[in-house]
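Let me begin by presenting the structure, written as structure tokens, before commenting on it.
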Amino acid sequence: MNSRLNNAHLTQTANASAFQLGKDKPMSSILETLNAASCAAFSDMGFPANIGVTRESDRPDLAPFQCNGAMAAAGILKKQGEKSNPREIAQKIVESLQGHPAIAEMEIAGPGFINIRPTRVALTSRAVELAADQNVGATSVSPQTIVIDYGGANVAKPMHVGHLRSAVIGECLKRLLRFQGHNVIGDVHLGDWGLQMGHLITELMDEQPDLSYFDVSKNDDYPVETPVQMDDLARLYPAASNKAKEDPSRMERSRVATAELQAGRAGYRALLEHFIAVSIAALKEGYGALGVEFDLWKGEAAVDPLIPDMIAGLKAQGITEEDGGALIIRVATEEEKKDTPPVMLLASSGAVLYHTTDLATLVDRKAEIDPDLILYVVDQRQALHFEQVFRAAVKAGWYKRDQLDHLGFGTMNGKDGKPFKTREGGVLRLEDLMSMMRDAADKRLNEAGIGADFPEKERADIANKVGVAALKFADLQNQRITNYIFDPERFTAFEGKTGPYLLYAAVRIKSILRKAKDQNVTSGEVNINESAETGLVLALDSFDRALKSATDKYAPHLLCDHVFRLAQAFSRFYSDCPILAGETPDIVKASRLTLAETTLRQLEHGLHILGIEAPERM
RNA sequence: GAUCCCAUAGCUCAGUUGGAUAGAGCGCAAGAUUCCUAAUCUUGAGGCCGGUGGUUCAAAUCCACCUGGGAUCGCCA
């Protein structure tokens, strides 16, 4: 198909100023422009404006945009007892929209669908606008202060595949909200205050009973040097946990140690400090390799001092109850079918529980940050827990219900649908997964014969970036809430809808920009003629929508879709529309170069939000 | 037992407020590189949207029931 011939009738110069947007008006996308026009047309006919929405077409082969309001309008008239024909309504709408500067063609199809093609002037004008905009069409919102609680890490437990999702999704949402203009604080909220600490303490006691931390006659002046490394912690915890499962008396020792720790036993507190410090150092490395960064490294232990006052306050409010020796807050409501179990503030043993520390953390955040919104990116299986905590926090009057949100995600399963295990039946460590990804990327570099002459260091950097991109994109492109199959073969596939595909698109643009510089070709006025160029502008145009819908639903996969579609549109443009080839006229080179630059900028924004970094070449 | 989530192409998954011929990637079949990176592009085959009934001019989408899978259900986190 020769699109040059098809577009021959459009050879007049498309001057951006011919389509008046007005310099002081806020930017609006092509779709927003069309949507405003179609809604107004319905409104003028006496219908509610919102039935006239224009959207991206389900049938892009017919036209890029569609408006289905005529059927809805006919439905409204029918309810009022008036007879009407949706095609006739559509016809009137089309007539009233006729001549709109952004609309090239309208066509009524089927029962009353209106298919809409934008004018070349509108496309060109929008492309010019996007090219001039640092954020390539992304608009910001009124800023809020938002805390995101994610990562899901625990002291003493090495990071494994189960930690991947919270880190990757949470990081993406943090960056997404920041990009929209919010003030976002990422908090790792370390699990460092529960039974696992009792396990660690008692197991270490069994292994090295002579350590001064266990000497009850001593209460300060403990060694500055840590008695354990990360490997020790990783070994001690499962050992204790397994013994405790078999042996109730072993479990009891861990419980007692936990209670003593929480009661403030100095030797145990000193040990905890070491455990936390050693773990944080390891976690920073692990998260760092994934490109995940936290603003706060607070944990449950950090808010422990707030608990007595908090509990006193809750008691004074009269919302607590004693039940079987435990202190609880009832949070069930009358109308719900199923009784929501109460929040457990204190166990009958007097120990502090998960509910208590999470509530204390809410108190702490209120006092220190006073956020508008707190988001928890935690496994969906904890939905009930958060519902209970949130209700208690609302009951206490600290927050409104809509300031607290649990963004659950599905569990990661193996191909058999059960929680993923390695062939040996163990959990796959995150660092092993990462090196698997790097190796696969390195292998691909070898196969492609690319990078043989690259410096060793750059090669390693490329393999790492490709591996991380593949890993993160594979995770983020899944709908957040559903379970997800962890399949190493699929993870290391670098073709199709993958992270490396996106990097490849970015790298090809970078390569062109370097060559253009060498050849002294500079970007210039955009002119849209080819269908691949139109497709690229339409893809660029939808960035803000993708950001908004991804934000509204806290759904990174919607942004993944956009970035992938953008890369696809670019790839098609790349193969259909030579940019620097000798036969391309200079004016076309300049226009296409602008499109390429603009695409790269949007692609890099999108990749950055996803937490993916592109190399210079690959 | 109760409550919640899920079921869409051979596989992994999208599917906006209910709209046309339900999409993408992988895999499969056929093609494209004297030209900016083929980790690419083009074309094709492939579907009873778990089942039954209901609401509607129109249902993968809303409602009811059923089947299959998963999760959760006060002193673990």
Side-chain angles (χ1 to χ4, degrees), chain A residues 50-51 53 55-59 61-62 66 68 71-72 74-75 78 86 109-113 115 154 191 193-196 251 255 300 323-328 330 336-349 351 353-355 357-358 379-385 388 408 410-411 413 415 417-418 441 444-445 447-448 450 466 474 477-479 481-485 487 490 493-498 500-501 503-505 507-509 511-516 519 545 549 553 557-558 560-561 564-565 568 571-572 574-576 578-584 592 596 617-618:
Chain A
N50 65 343
I51 68 166
V53 291
R55 51 179 223 187
E56 280 171 57
S57 178
D58 290 333
R59 294 289 306 275
D61 53 316
L62 300 176
Q66 64 175 237
N68 300 343
M71 275 88 73
K78 194 189 171 189
F113 300 100
N115 293 321
N154 288 304
W193 200 234
L195 182 66
Q196 75 263 33
M251 177 62 95
R255 283 195 209 282
E300 297 170 323
D323 191 282
L327 190 69
I328 64 170
R330 294 205 187 274
E336 68 189 338
K337 289 177 189 167
K338 181 191 128 187
D339 280 352
T340 300
V343 164
M344 304 288 302
L345 286 173
L346 294 173
S348 46
S349 69
L353 301 162
Y354 188 30
H355 283 144
T357 52
D358 265 4
D379 192 316
Q380 180 61 22
R381 287 176 294 189
Q382 297 193 30
L384 178 60
H385 164 78
Q388 292 172 275
T411 54
N413 297 330
K415 274 184 172 175
K418 291 173 185 164
R444 185 69 193 85
L445 272 175
E447 283 167 6
I450 293 172
V466 170
Q477 69 164 313
N478 291 290
Q479 202 177 62
I481 200 76
T482 56
N483 288 346
Y484 136 113
I485 305 249
D487 174 357
R490 228 181 89 239
F494 295 158
E495 278 88 39
K497 191 175 181 178
T498 64
Y501 177 90
L503 298 189
Y504 188 64
V507 160
R508 292 212 285 190
I509 302 175
S511 172
I512 288 173
L513 298 185
R514 279 193 299 270
K515 284 211 162 66
Q519 297 172 18
R545 287 198 288 290
S549 52
K553 294 176 186 163
H557 82 277
L558 297 176
C560 288
D561 260 0
F564 178 65
R565 274 162 48 190
Q568 267 186 317
S571 292
R572 190 175 158 224
Y574 182 91
S575 70
D576 285 7
I579 299 168
L580 299 175
E583 66 195 52
T584 307
R592 289 179 179 170
R617 50 184 185 173
M618 63 188 272

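So that the names make sense, note that chain A is the first sequence line, chain B the second, and so on, each numbered from 1. Just so it is clear, the model here is predicted, and its values are computed rather than measured.
Between the side chain of A:His355 and the backbone N or O of A:Val343 there is no donor-acceptor pair closer than 3.5 Å. With A:Ser511 contributing its side chain and A:Val507 its backbone, the two residues share no donor-acceptor pair below 3.5 Å. Counting only distance, with no hydrogens or angles, the side chain of A:Gln388 and the backbone of A:Pro341 share a donor-acceptor pair below 3.5 Å.
When the P atom of B:A24 is taken as reference, atom CD of A:Glu56 falls 15 Å away, rounded to whole Å. Rounding to whole angstrom units, CD of residue A:Gln479 and C1' of B:G15 are separated by 10 Å. Between the C1' atom of B:G70 and the OH atom of A:Tyr484 lies a distance of 17 Å, rounded to the nearest Å. The CG atom of A:Asp61 sits 13 Å away from the C1' atom of B:A22 (whole-angstrom rounding). A straight line from CD of A:Gln568 to P of B:C26 spans 9 Å, rounded to a whole angstrom. Atom CD in A:Gln477 sits roughly 9 Å away from atom C1' in B:A14 (whole-Å rounding). The distance between atom CG of A:Asn413 and atom P of B:U12, rounded to the nearest whole Å, is 12 Å. As rounded to whole Å, 13 Å separates atom C1' of B:U72 from atom CG of A:Asn483.
Counting only heavy atoms from C-beta on, A:Pro341 has its side chain closest to B:C73 among B:C76, B:U40, B:C73. The side chain of A:Tyr501 lies closest to B:C41 when the candidates are B:C41, B:U16, B:C75. Comparing atom distances between the A:Leu62 side chain and each of B:C41, B:A20, B:C36 picks out B:A20 as nearest. Comparing B:C13, B:U40, B:C76 by their nearest atom to the side chain of A:Ser571 picks out B:U40. Closest contact between the side chain of A:Asp58 and the listed nucleotides B:C76, B:A20, B:G74 involves B:A20. Side-chain proximity of A:Tyr504 to B:A38, B:C36, B:C41: nearest is B:A38. The side chain of A:Lys515 approaches B:C36 more closely than any other nucleotide in the set B:U72, B:C36, B:A39. With B:A24, B:A38, B:C75 as the choices, the nucleotide that has an atom nearest any side-chain atom of A:Lys497 turns out to be B:A24. Taking the side chain of A:Pro578 as heavy atoms from C-beta on, and the options B:C76, B:C36, B:A39, the nearest nucleotide is B:C36. The side chain of A:Gln382 lies closest to B:A77, out of B:A77, B:G15, B:A39.
A:Arg444 comes within contact range of at least one nucleobase, with a heavy-atom separation under 4.0 Å. Among the atoms of the strands shown, only primed sugar atoms or phosphate atoms (P, OP1, OP2) are found under 4.0 Å from some heavy atom of A:Gly496. Across all strands, A:Arg255 comes closer than 4.0 Å only to sugar-phosphate atoms, never to a base (heavy-atom distances). Across all strands shown, A:Tyr574 has heavy atoms under 4.0 Å from base atoms, whether or not it also approaches the sugar-phosphate. No engagement by A:Ile51 is indicated, since no non-hydrogen atom pair under 4.0 Å with the nucleic acid exists. The residue A:Glu300 sits close only to the backbone: its heavy atoms come under 4.0 Å of sugar-phosphate atoms, none of a base. Nucleic acid contact class of A:Thr482 (heavy atoms, under 4.0 Å, all strands): sugar-phosphate only. Note on A:Arg617: a base of the nucleic acid sits closer than 4.0 angstrom, heavy atoms only. Heavy atoms of A:Ile579 sit under 4.0 angstrom from at least one base atom. Among the atoms of the strands shown, only primed sugar atoms or phosphate atoms (P, OP1, OP2) are found under 4.0 Å from some heavy atom of A:His557. Using a 4.0 Å heavy-atom distance criterion, A:Ala109 is classed as a base contact. A:Leu445 comes within contact range of at least one nucleobase, with a heavy-atom separation under 4.0 Å. When heavy atoms are screened at a 4.0 angstrom cut-off, A:Val343 is found touching no nucleic acid atom at all. Within 4.0 Å of A:Ala72, counting heavy atoms only, lies at least one base atom of the nucleic acid.
For the pair A:Thr584 and A:Pro578, the tightest heavy-atom approach, listed with the atom from each and the gap, is OG1-O, 3.2 Å. Residues A:Asn483 and A:Thr411 share a closest heavy-atom pair of OD1-N, 2.9 Å. Of all heavy-atom pairs between A:Ala596 and A:Ile579, the closest is CB-CD1, 4.2 Å. Heavy-atom minimum distance, A:Gln66 versus A:Ser57: NE2-OG, 3.2 Å. Contact record, A:Val466 with A:Leu503: CA-CD1, 3.8 Å, taken as the closest heavy-atom pair. Residues A:Asn115 and A:Ala109 share a closest heavy-atom pair of ND2-CB, 3.8 Å.
Contact of A:Asn115 with B:A20 (side chain to base): a donor-acceptor pair of N or O atoms is detected under 3.5 Å. The base of B:U21 lies close enough to the side chain of A:Arg59 for a donor and an acceptor atom to sit less than 3.5 Å apart. Residue A:Ser348 places a side-chain atom within donor-acceptor reach of the base of B:C75, judged by atom type and a 3.5 Å distance cut-off alone.
B:C62 and B:G68 have their P atoms separated by 23 Å, with the value rounded to a whole Å. Between B:G18 and B:G54, the distance separating the two C1' atoms is 15 Å to the nearest Å. Comparing B:C11 with B:A2, their P atoms are spaced 32 Å from each other, to the whole Å. Across the P atoms, B:A22 and B:G44 are found 15 Å apart, a figure rounded to whole Å. The C1' atoms of B:U12 and B:U16 are separated by 22 Å, rounded to the nearest whole Å. Rounded to whole Å, the separation between the C1' atoms of B:U8 and B:G47 comes to 8 Å. Only the P atoms considered, B:G10 is 33 Å distant from B:G1, to the nearest whole Å. Spacing between B:A20 and B:U61 at atom C1', rounded to whole Å, works out to 16 Å.
Within the structure, every side-chain polar atom (N or O) of A:Ser511 is placed at least 4.0 Å from both OP1 and OP2 of B:C36. Listed pair A:Gln66 / B:A20 fails the phosphate criterion, with no side-chain N or O lying under 4.0 Å from OP1 or OP2. Applying the 4.0 Å criterion to OP1 and OP2 of B:C73, one finds that A:Gln388 has every side-chain N and O outside that range. Checking the phosphate oxygens (OP1, OP2) of B:A39, no side-chain nitrogen or oxygen of A:Arg508 falls inside 4.0 Å.
Look at B:G74: its glycosidic torsion is within 90° of 0, and that puts it in the syn range.
Rounding to the nearest 0.5 angstrom, the gap separating the NE2 atom in A:His557 from the CD1 atom in A:Ile481 is 11.5 Å.
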Could you write out RNA chain B as dot-bracket? Rules: Watson-Crick or G-U wobble, both distances under 3.5 Å, brackets [ ] for crossings, | for pairs with another strand, dot for unpaired.
(((((((..((((.....[...)))).(((((.......))))).....(((((..]....))))))))))))....
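With hydrogens and angles left out, the side-chain atoms of A:Gln382 and A:Tyr354 include a donor and acceptor closer than 3.5 Å.
Not less than 6.0 angstrom separates the ring centroid of A:Tyr501 from the ring centroid of A:Phe494.
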